[in-house]
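The figures that follow rest on heavy atoms only: side chains count, while hydrogens, waters and symmetry mates do not.
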Amino acid sequence: MPIPQVIPIPSRKPIDPWVVGKRAGWKVIDASTLTADRTVTFDVAIIGTGAGGGLTAEMLAASGLKVVLIEEGPLKSSSDFNMKESEAYPAMYQENLARRTIDGGVGILQGRTVGGGTTVNWATSFRTAPQVLEHWQRVYGLTEYTKAKMDPWFAAVERRLGIKPWTGAINANNGILSTGLSRLGLSWGIISPNVKGCAALGYCGLGCPINAKQSMLVTSLPVAMSLGATLYTRLRAQNYTFNTAKTAITGIVCDALDPSGLRPSGRKVTIKARHYVQATSAINGPALLMRSGAPDPHGTLGKRTFLHPSASVGGFYNNDIAAHAGLPQSIYSDAYLDDKPLTGTPGWKLEVAPLHPVLVAGGPTYFGEQHATLMKNFNKYGVTISFVRDGFMSESVGGSVVLRADGSPGLDYPLSATVLESIRQSIKSQGAVHFAAGAQRVFIGHIDAATAGYTDNASFQAAVDALPMVSGRVRLNSAHQMGGCGMSADPTKGVVNGNGRHHQITNLSVHDASVFPTSLGLNPQETIWGITARNTAKLALDIYGIRNCTVAAPAD
């Protein structure tokens, strides 16, 4: 297994494009500072600044359109990023990193900041699997979503955003996966992150302090801003207004938030546009349409919302793993996806997760000396994760977005017996990998598991077989939220068509992961970019008559 390397930390931070841009007159408006209501008009209003919203803004601003971006979270950039969990989680994640499904069974890691999830994710990028595209074609009539037609879009965003196989050091945490799988005779591969000049600091989830991660924060959004786009931060999209027939949006009413970014300040911003692009995620997006009373004649809105339920398994090693350092994810395995039919019992992908002190300290149900021992040996732990590919079996209907009493969104996500059994098997596969990689003791993320862990694979496998797989007892998280405004050529099966255009609302497009008809079985970032690039080009041509709207070459 690779020996952890000491990563040199750059002696100074790079130029922050947001500091330079604001000095040059970029139109950045912190809505918490507003002292009066206002109404403004643009060609295009984009709600959300993540993977979908950011790329849409760049492409449309480059086409000469007057663009406004609406972001609920704050503007945080490299000048603010200091690799401190205590500051990053409450500032840049939904519900202070405490968002969960309605029953509390699955934790939801979701960005809430300029750049959205691209600012705080681990940079992992994959093209959509061909078999998933084929399923979408066959079941949802998305005939344009062939591998041959999507590959040029994926290639374009890969060039734009520096997506290519990792050639740097494989840290010891990822080495657990490659070593263990190799010894078990199972396949693994190298991940392609969207990075440029990466120093492998390991704290990608807290915002990259050296602007190496090619997130929307340092790529598409600065380009859009330099071309005259307007950005509102700490501004929550509350509801659309419609014409009498509810066939077109006439405006979007937004609540300015207070400086904490948590509560409305009482000021309203009404934005009017010729076209609206919703890029607010698979949970917030359907909720916005629900609050607005948007047409939903076939009851598809907010339905078929999918997570990748992710179970983790930890290992204690004699050597230092230092899972907080190095590129967080560089190794993956589809060994347990490729051996299962797409529409059969759900398979799972294997990756690893970085370990940072706050996450480790707050995770296990340890107390007193046991907890102190855990933290004392922090550097000797490694962790693998699995996430289950849901949404392809006939009974795999995912979850439903619901509105709480205050209008905020929740996700009701009952875990089927089939998915729970796949989670059990995924935990067993991870334990085998850890022991094959040389772990001295392996721990299960389950309330009923032995807190002291297991010292051999046989006892580990037997223990997992005996554990009740029940939501709330097995510890699950998901950084991937998909569906809820699914694409379908048939309006009875989805909210939008294959171009991301709403079936009933003529001037609304959806450009985010909510348009996925199923989950993916892989990290969704590049799929969002590929679909967004395609659909933005179609939008520019069909609505504005603009030809040659495409993904720009990367800046030097």
Test side-chain hydrogen bond (donor to acceptor under 3.5 Å, both in side chains) on Thr241 and Thr250 and set out the steps. CA-CA 5 Å; Thr241 57; Thr250 58; 2.8 Å; yes

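- Residue-environment remark: CZ (Arg23) stays at or below the threshold of 12 foreign heavy atoms within 6.0 Å.
- Side-chain N or O atoms of Asp43 include none that pairs as donor or acceptor with a backbone N or O of Arg274 at under 3.5 Å.
- A donor-acceptor pair under 3.5 Å is absent between the side-chain atoms of Asn194 and the main chain of Lys213, judged by distance alone.
- At distances below 3.5 Å, not a single donor-acceptor pair connects side-chain atoms of His356 with backbone N or O atoms of Val358.
- At least one side-chain heavy atom of Leu411 sits under 4.5 Å from a side-chain heavy atom of Leu307.
- Of the possible donor and acceptor atoms, none in the side chain of Arg389 sits under 3.5 Å from a partner among the backbone N and O of Leu520.
- We find that Lys164 and Glu158 are not joined by a salt bridge, their nearest charged nitrogen and carboxylate oxygen being 4.0 Å or further apart.
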With side-chain hydrogen bond (donor to acceptor under 3.5 Å, both in side chains) as the criterion, how do His480 and Ser519 come out once you've worked through the C-alpha distance, each side chain's angles and the decisive distance to 0.1 Å? CA-CA 9 Å; His480 309 153; Ser519 76; over 6 Å; no

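- With hydrogens and angles ignored, the 3.5 Å screen pairs no side-chain donor or acceptor of Thr384 with any backbone N or O of Val352.
- No side-chain donor-acceptor contact under 3.5 Å links His324 to the backbone of Pro354.
- Here the side chain of Thr113 pairs no donor or acceptor atom with the backbone of Met92 at under 3.5 angstrom.
- Residues Lys76 and Pro74 form a side-chain contact, since some pair of their non-hydrogen atoms from C-beta on lies under 4.5 Å apart.
- Using a 4.5 Å cut-off on side-chain heavy atoms (C-beta onward), Leu539 and Asn499 make no contact.
- In this structure, the side chains of Val67 and Phe42 stay at 4.5 Å or more apart for every pair of heavy atoms.
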Could you walk me through whether Thr119 and Phe81 pass the side chain to side chain contact (heavy atoms under 4.5 Å, CB included) test, one step at a time? CA-CA 11 Å; Thr119 298; Phe81 300 150; 3.9 Å; yes

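- With a 4.5 Å cut-off on side-chain heavy atoms, Phe126 and Ser192 do not count as touching.
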How far apart are the C-alpha atoms of Glu351 and Asn523, what are their side-chain angles, what is the distance that settles it, and do they pass the side chain to side chain contact (heavy atoms under 4.5 Å, CB included) test? CA-CA 10 Å; Glu351 293 176 349; Asn523 308 62; 2.7 Å; yes

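- Ring geometry for Tyr145 against Trp136 counts as perpendicular: the plane angle is over 60°, on a 0 to 90° scale with 30° as the lower cut.
- Side chain of Ser226 to backbone of Val223: a donor-acceptor contact under 3.5 angstrom is found.
- Between Asp30 and Arg234, at least one side-chain N (NZ, or NE/NH1/NH2) sits under 4.0 Å from a carboxylate O, which counts as a salt bridge.
- Between Tyr89 and Tyr93, the two ring planes are perpendicular [angle over 60°; tilted spans 30° to 60°].
- Between Ala88 and Leu206, the shortest heavy-atom contact is CB-CD2, 3.7 Å.
- With hydrogens and angles ignored, the 3.5 Å screen pairs no side-chain donor or acceptor of Asp255 with any backbone N or O of Arg236.
- In this structure the side chain of Asp390 never reaches within 4.5 angstrom of the side chain of Met482, judged on heavy atoms.
- You'll find the side chain of Leu217 stays beyond 4.5 Å of the side chain of Thr118, heavy atoms only.
- Glu95 has no carboxylate O lying under 4.0 Å from a charged side-chain N of Arg100, or vice versa, which leaves the two without a salt bridge.
- At least one side-chain heavy atom of Met216 sits less than 4.5 Å from a side-chain heavy atom of Trp529.
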May I have the step-by-step check of side-chain hydrogen bond (donor to acceptor under 3.5 Å, both in side chains) for Ser125 and Glu526, ending in yes or no? CA-CA 5 Å; Ser125 307; Glu526 188 172 347; 4.9 Å; no

side-chain hydrogen bond (donor to acceptor under 3.5 Å, both in side chains) assessment of Ser281 paired with Gln110: CA-CA 9 Å; Ser281 85; Gln110 190 173 16; 2.8 Å; yes

